Structure formats: structure tokens, C-alpha cells
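Note: hydrogens, waters and symmetry copies are ignored here, and every other heavy atom, side chains too, is used. Just so we're clear, the structure is a prediction, and the values are computed from it rather than from any experiment.
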Amino acid sequence: TEASQLNVGLHFIAEDTPVTNQPLAIDRAKQESIFQNLLSNALKFTPEGGEVTIALAADEHQWSLRVSDTGCGIPPAQQEWIFQRFARAHGAEIAGTGIGLSFVRDLTELLGGQVSLQSEEGKGTTFLLQFPVIPTTDVPVPEAFASPEKPEDAPPPAVAKEAPLILIVEDEEDVAAYLKESLQEQYRVLVANNGQQGLTLAFAEIPDLVISDVMMPQLNGLQLCARLKADRRTSHLPVLLLTARSAEEHRLAGLDRGADAYLSKPFAERELHLRLRNLLLLRDRMAAQLRQEFLAAPRQEVATSSPREAGWLTDLRSYITERLDDAELSGTDLEMHLGMSRSQLQRKLQSVLGLSPRKLVNEVRLDTASKLLRETTATVSEIAYDCGFRDPKYFGRVFRERFGMTPGEWRAAERKEG
């Protein structure tokens, strides 16, 4: 379809007949990514009326894929670095990121193959990929070429359910594919292909971190960052902005809208991973500090070590303390008060305070009880009921689990120190 729209001739040929009918072990998903990148690249740089040829060949040792075009070609001086990430031929008028050929090379080498090119400026380019023949006797021929049935954005089996959820917002398909391929072994990954879709996904899923390109249609990265930071559901999310622009004013614009980090293209893969790790570690340290501040003073305003979160945390703290003697107070009440869904509140609180809604209410109850034991003469049972515990015996058990001593022992120890 793409070829017909561009009025480019597209030809498929078999250069040799395979020497065996035995099925080959292949990774169809990676092979499709390789083929789609090469074909898209060939069509992109072939003028109207030109031709693109895809040829397959095989012998007993290797099989090959050749993609040739009659496009503009690549100057000899640029052929040495064309497989480098973000490299693009100088003078190319077609928009692109320069990541597709690097992605092709990485996937080809991962599959044990090699990629090479021949190109003549003004006449066209040929990419040749050669892969080892790996026979398999365990899989019937039709199934050997079947893709595993799984959602496109499902994480690989090795990724734990508790792994951080990363949202990639990138309109360039090859960059998004590269980022996903790089991150999915350590993180769960979601992908949005424009800023508006990214905003919708962020509100629905509440990821642990957002990676966003700056230059995008509908909603650019700066606008996306500003909206995420302005909404209480997502104000806590670390945002890493990616852009090909390296000018100081663009970095400052991103930081001014609340971006937590800024990475200019081209970037090293290791630097990307280090930035993500450091942002998540910083988030966890901030959560520990905010949790301590949140529990410190029942009826005071939450401290401002994170000013963006202080307002709704103070509101939440006041709401819980006002209903502290209500044994029926639950996470559902917090959801309704804050206007969030169960999953939104769960992920928000886990990121900001490191606590579930139920655990948060229980921590406030116990923290308030410890203060009442120290500052009042009320009995242990009275304090238990005032803090929303139906059973003083249960209160005594959970209090000991939290503070390492019974309520009576706690009161005696606090008064002795005082």
C-alpha cells in the first residue's frame, strides 16, 4: 500500500531455491522489525517511478535478505557511520530520526547475523542481511513462522509484576521501538505515539515514570509535562524529556514546565538507563521523607519538601484525622474524596508515600494513638476507639507490631523520657 501511494515499483524474488524443506528456527517478531525498517527506509528514499526489490536466498549454511532501491544513494564518506544511532545522510530531505538502521544492526547481530550495504550516490542502495541456518525438528513447518499470541505492549515474562512501569511517549515509531527494546528487560513498558494519547494513558495507568519526546503533534512534550504536573493524579510523576534540540533555551523551557531531567539526542543507552535509575531512586527517597512528614503532625500542614504534593497531602491528612474514630473509613472513601479511581489512588500513594490506602489509614491511626498515649491520660481502650479500632485487643497487637512494645509500655517509656 505504501509503495502504491508513492508510485514506487515493489518486487519480491527468490534468488535461490532452499536446499532443504526443513523448518528454520527464527524469531519472527525481530525479523519483522528488521524487514519493516529496511522496507520503510527504501521506500522513503526512492523517488516516484523508482523501484524497490526484496530478495531471499538460502543454502545449507545461511539464508539472506536483500533490500535494494533505486533511490538517492549514500555518499561513500557517510557509509562508514550510517549504522550509528541517530545518524542520517547529509542532505537527505526526508524527515527521520536516524535510529532505524542502528536498530536493524542491533537486532541482526542479536540473531547471530551480519548486515552490510552497497550504495552508489544517485543510483541506489542495497542492504544485505545474512543469518545462520538453525534447523529445528520440534516445530511443524506452519507453526515455525507463527508469532506468539501476546499483547503488543505486554512485558517479557522475565519482568516482575512489581517492576516499575515506564510510559514512552514518542511519535517516531523507530525511536519508540528502540526505547521499548532497550527498557523492556528491566521495566514494564507502555507506548503512546503522541502527546494526547500519552496524557490519556498517564491518567489511566499512573506509571512510575514518563519518557517523552518534545517535538510531537497534537500535544508536544512541554505541554504534556505541564499538564501532568498540574493534575493531582500525576503531579508526582518523574518526567524525562528527549529532544534532538540541544539549545539551552529548550532545556530551560522543559525544566520550567516541571521536567525532572532532560536528555538530548543523540544519547548513549547507558546514560538513559542511569538517568532512569537515578530518577526512580530519587522518587523513593522523596517518598520516605514525605511519609515521615505526613505522619509527623496530625493536624498541621504537611511539610513542603515537595511543594507540588503538599496541598493534596494536607487535604488528605485532614480528611483522615477528621474521620479517625470512624471504623468504617476505607480506601473507597479516600477515592471519593480525592476524585480518583482505585487504581489511580493506589499507584499515586505507592509512588508518593510508599503506602497503600489501607496501610495509610492504619498508619495514621497508630501514629495518632502514639501521640495520645504520650500526651493524654485517656485509657488504652478509649484511645483505641477514638482512633477507629473496634477491638482494643486487636489495637494492642497491631500497635506492638508497629512500635515494638504494647501501648502501656509505650506510654511508660515516653513519660519516663519526658
With side chains defined as the heavy atoms from C-beta onward, is the minimum distance between Leu39 and Gln36 less than 4.5 Å? no
Could you tell me whether the side chain of Leu360 reaches within less than 4.5 Å of the side chain of Ile320, counting heavy atoms only? yes
Might you work through the side chain to side chain contact (heavy atoms under 4.5 Å, CB included) test for Leu199 and Asp231, ending with a clear yes or no? CA-CA 11 Å; Leu199 188 67; Asp231 193 292; over 6 Å; no
For a side chain to side chain contact (heavy atoms under 4.5 Å, CB included) check, start with the C-alpha distance between Leu366 and Phe399, then their side-chain angles and the critical distance, and finish with the verdict. CA-CA 6 Å; Leu366 290 172; Phe399 189 94; 4.2 Å; yes
Give a yes or no answer on whether the side chain of Thr108 reaches the backbone of Gly113 with a donor-acceptor pair at less than 3.5 Å. no
Mark yes or no for whether Thr46, through its side chain, and Leu43, through its backbone, hold a donor-acceptor pair below 3.5 Å. no
So which heavy atom on Glu170 is nearest to which on Ala176, and how close? CG-N, 3.7 Å
Determine whether a donor-acceptor pair (N or O, by modelled atom type, separation under 3.5 Å) exists between the side chain of Thr234 and the backbone of Leu237. no
Going by heavy atoms in the side chains, are Leu65 and Ile54 under 4.5 Å from each other? yes
Would you please say whether a donor-acceptor pair under 3.5 Å links the side chains of Ser68 and Arg66? yes
Taking atom CZ as the centre, does Arg374 end up with more than 12 heavy-atom neighbours from other residues, nucleotides or ligands that are less than 6.0 angstrom away? yes
Is the side chain of Asp333 donor-acceptor paired with the backbone N or O of Ser330 at a distance under 3.5 Å, no angle test? yes
For the student: nearest non-hydrogen atoms of Pro76 and Glu121, plus distance: CD-OE1, 4.4 Å
Between CG on residue Asn194 and CG on residue Asp171, distance to nearest 0.5 Å: 8.0 Å
Where is the tightest heavy-atom contact between Ala42 and Val67, given as atom of each residue plus distance? CB-CG1, 4.0 Å
Give, for atom CG of Leu316 and atom OG1 of Thr321, the distance between the pair rounded to the nearest 0.5 Å. 9.5 Å
Taking the side chain from Thr368 and the backbone from Val364, do they hold a donor-acceptor pair closer than 3.5 Å? yes
Are more than 12 heavy atoms from other residues, nucleotides or ligands located less than 6.0 Å from atom CZ of Arg227? no
Taking the side chain as every heavy atom from C-beta outward, state whether Leu219 and Val169 have any pair of such atoms under 4.5 Å apart. no
Separation of Gln118 CD from Lys123 NZ (nearest 0.5 Å): 13.0 Å
Indicate the atoms forming the closest heavy-atom contact of Ser370 with Trp410, along with that distance. O-NE1, 3.2 Å
CG of Leu190 to CG of Leu165: how many Å apart, nearest 0.5 Å? 4.5 Å
Any side-chain heavy-atom pair of Ile206 and Arg233 under 4.5 Å: yes
So CD of Glu172 and CG of Leu179: to nearest 0.5 Å the spacing works out to 11.5 Å
Enclosure of Gln130 CD (heavy-atom neighbours >12, cutoff 6.0 Å): yes
What's the shortest heavy-atom distance between Val210 and Pro207, and which atoms? CG2-CG, 4.0 Å
Spell out, as yes or no, whether a donor-acceptor pair under 3.5 Å connects the side chain of Asp208 to the backbone of Ile166. no
After noting the C-alpha distance and the side-chain angles of Asp315 and His337, does the key distance pass the side chain to side chain contact (heavy atoms under 4.5 Å, CB included) rule? CA-CA 9 Å; Asp315 176 30; His337 177 71; 3.0 Å; yes
Are Glu205 and Leu167 close enough that some pair of their side-chain heavy atoms sits under 4.5 Å apart? no
When you measure from the side chain of Gln344 to the backbone N and O of Met340, does any donor-acceptor pair fall under 3.5 Å? no
Side chain Ser119, main chain Gly124, donor-acceptor under 3.5 Å: yes
With side chains defined as the heavy atoms from C-beta onward, is the minimum distance between Leu355 and Asn362 less than 4.5 Å? no
Should we say atom CD of Gln62 is surrounded by more than 12 heavy atoms from elsewhere, each under 6.0 Å from it? yes
Value rounded to 0.5 Å, distance of CZ in Arg365 from CG in Asp326: 7.0 Å
Go through Asp260 and Arg275 one step at a time and tell me if the salt bridge (Lys or Arg N to Asp or Glu O under 4.0 Å) criterion holds. CA-CA 10 Å; Asp260 299 270; Arg275 289 288 187 97; over 6 Å; no
Without swapping roles, check the side chain of Thr376 against the backbone of Leu373 for a donor-acceptor pair under 3.5 Å. no
Is it the case that atom CD in Gln114 sees more than 12 heavy atoms from other parts of the structure closer than 6.0 Å? no
Look at the side chain of Arg358 and the backbone N and O of Gly331, then say whether any donor-acceptor pair between them is shorter than 3.5 Å. no
Working for side chain to side chain contact (heavy atoms under 4.5 Å, CB included), residues Val52 and Phe45: CA-CA 10 Å; Val52 173; Phe45 291 100; over 6 Å; no
Side chain to side chain donor-acceptor pair (under 3.5 Å) with Tyr319: which of Arg323, Glu322, Arg317? Arg323
Show, in sequence, the C-alpha distance, side-chain angles and deciding distance for Glu309 and Lys348, and conclude whether the salt bridge (Lys or Arg N to Asp or Glu O under 4.0 Å) test is met. CA-CA 11 Å; Glu309 307 304 322; Lys348 173 83 177 182; 3.1 Å; yes
Does any non-hydrogen side-chain atom of Leu276 lie less than 4.5 Å from one of Ile211? yes
Yes or no on salt bridge (Lys or Arg N to Asp or Glu O under 4.0 Å) for Arg402 and Glu363, after CA distance, side-chain angles and deciding distance? CA-CA 9 Å; Arg402 170 74 163 77; Glu363 288 290 296; 2.9 Å; yes
Here the pair of heavy atoms bringing Ser212 nearest to Gly221 is OG-CA, 3.7 Å
